[in-house]
Amino acid sequence: YGFSYKYPAETETKEIVTQSEGNRKVLFAISNSITGETQKPNTEFYDGYIFDVVVIEKLPTETISQISNENISNCREIGELTKPPEKLITSETIGITYSCRTSAEFAHTLFPSPKVNTQYFEIRTFSGGPNYIKYQKTVDQILSTFKFIDPKEMFCGGIAGVVCPEGYRCKYDGDYPDASGTCITN
């Protein structure tokens with residue numbers, strides 16, 4: 001899906017398996033998190049941080065402003081808007097960020113896909129617990145490394161078996177199990 005970001009080595013990383021986000025189809029989702037020392041097992045997450053990146057389908061005519069307004073309306077129905085929407089300008093695109101509190105407070109950042117007008121990216125972050133400031137600093141550092149990348153620069157293969165986007169194939173750096181490589185045009 002053409003993005004990258006850096007995160008601490010001790011972070012738990014997993015793909016989130018979900019089919020939809022309300023009435024929208026989720027194309028891909030990944031979560032990075034660290035659980036704090038006071039987090040009790042089998043309880044709602046309250047100590048640590050979560051950094052999720054979700055790629056979601058949209059209509060070609062929908063804008064990020066329209067989608068964020070819809071999300072904020074949904075937030076207000078089940079919770080409280082804690083930070084009003086603001087434009088977030090990166091070197092690559094203009095996004096919108098806001099925060100919503102339901103059972104916990106999450107910051108949401110939405111970006112249009114720079115390559116595909118039928119999808120957008122939503123980054124959701126949470127920081128909490130006794131080490132909130134430390135966790136928030138880590139989340140801010142991770143977010144500062146987020147960037148869109150050209151598929152030709154994308155890593156592929158490896159132990160995780162990372163697949164290239166449609167129209168690209170993996171050019172492996174070696175001929176051995178779990179070899180990695182770079183995506184190239186078919």
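In what follows, residues are counted from 1 in the order of the sequence shown.
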Can you check whether [X] reaches [Y] side chain to side chain, under 4.5 Å on heavy atoms?
X      : Y      : result
Asn71  : Tyr98  : yes
Leu110 : Ile67  : yes
Ile72  : Pro85  : yes
Lys147 : Ser4   : yes
Leu88  : Thr109 : yes
Val54  : Phe28  : no
Thr97  : Lys83  : yes
Arg24  : Glu70  : yes

Mind running side chain to side chain contact (heavy atoms under 4.5 Å, CB included) on Gln136 and Val139 for me, showing each step along the way? CA-CA 5 Å; Gln136 188 57 50; Val139 164; 4.0 Å; yes

Side-chain heavy atoms nearer than 4.5 Å, only ILVMFWY residues, links allowed to pass through others: does that put [X] and [Y] together?
X      : Y      : answer
Ile56  : Val116 : no
Tyr46  : Tyr135 : no
Phe148 : Ile142 : yes
Leu143 : Val53  : yes

Is there less than 2.5 Å between the SG of Cys100 and that of Cys75? yes

Can you check whether Cys156 and Cys170 have SGs under 2.5 Å apart?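 Yes, Cys156 links to Cys170 through a disulfide.
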
For Phe3 together with Phe146, are the ring centres under 6.0 Å from each other?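 Yes, ring centres under 6.0 Å apart.
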
Under 3.5 Å donor-acceptor, Thr63 side chain and Gln66 backbone: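 Side chain of Thr63 to backbone of Gln66: a pair is present.
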
Can you name the closest pair of heavy atoms from Ser68 and Ile96 and give their distance?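 Result for this residue pair: OG-CD1, 3.6 Å.
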
Non-hydrogen atoms of Pro114 and Phe121 that approach each other most closely: CD-CE1, 4.3 Å

Donor-acceptor pairs under 3.5 angstrom involving side-chain atoms of residues 6-17: please list them, not counting sequence neighbours.
unit_1	atom_1	unit_2	atom_2	d
Thr11	OG1	Pro8	O	2.9
Thr11	OG1	Tyr49	OH	2.8
Thr13	OG1	Asn32	ND2	2.8

Using the salt bridge (Lys or Arg N to Asp or Glu O under 4.0 Å) criterion, which residues pair with Glu57? Sequence neighbours excluded.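 By the salt bridge (Lys or Arg N to Asp or Glu O under 4.0 Å) rule, Glu57 matches no residue at all.
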
Return the [atom1] to [atom2] distance between [X] and [Y], rounded to the nearest 0.5 Å.
X      : Y      : atom1 : atom2 : result
Ser180 : Lys171 : OG    : NZ    : 13.0 Å
Leu81  : His108 : CG    : NE2   : 9.5 Å
Glu62  : Thr118 : CD    : OG1   : 10.5 Å
Asn117 : Gln119 : CG    : CD    : 9.0 Å
Ile123 : Asp52  : CD1   : CG    : 10.0 Å
Tyr120 : Ser113 : OH    : OG    : 12.5 Å

Ser99 and Glu105: side chain to side chain contact (heavy atoms under 4.5 Å, CB included), yes or no, with the steps? CA-CA 7 Å; Ser99 294; Glu105 183 171 343; 3.6 Å; yes

Whether Lys58 and Glu122 form a salt bridge (side-chain N of Lys/Arg under 4.0 Å from carboxylate O of Asp/Glu) is what I want to check. no

Please enumerate all residues that pass side-chain contact (heavy atoms from CB on, under 4.5 Å) together with Ser73, with sequence neighbours excluded. Glu77

Those residues that, when tested against Phe51, pass ring pair (Phe, Tyr, Trp, His ring centres under 6.0 Å) (two or more places apart):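 By the ring pair (Phe, Tyr, Trp, His ring centres under 6.0 Å) rule, Phe51 matches Tyr5.
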
Run the ring pair (Phe, Tyr, Trp, His ring centres under 6.0 Å) test against Phe106 and tell me which residues pass, sequence neighbours left out. Phe126

Before giving the answer on side-chain hydrogen bond (donor to acceptor under 3.5 Å, both in side chains), spell out for Thr43 and Gln39 the whole-Å C-alpha distance, their side-chain angles and the decisive distance to 0.1 Å. CA-CA 8 Å; Thr43 62; Gln39 178 70 43; 3.0 Å; yes

Considering residues at least two apart in sequence or located in another chain, which fulfil the side-chain hydrogen bond (donor to acceptor under 3.5 Å, both in side chains) criterion with Thr38?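 Partners of Thr38 under the side-chain hydrogen bond (donor to acceptor under 3.5 Å, both in side chains) test: Asp47.
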
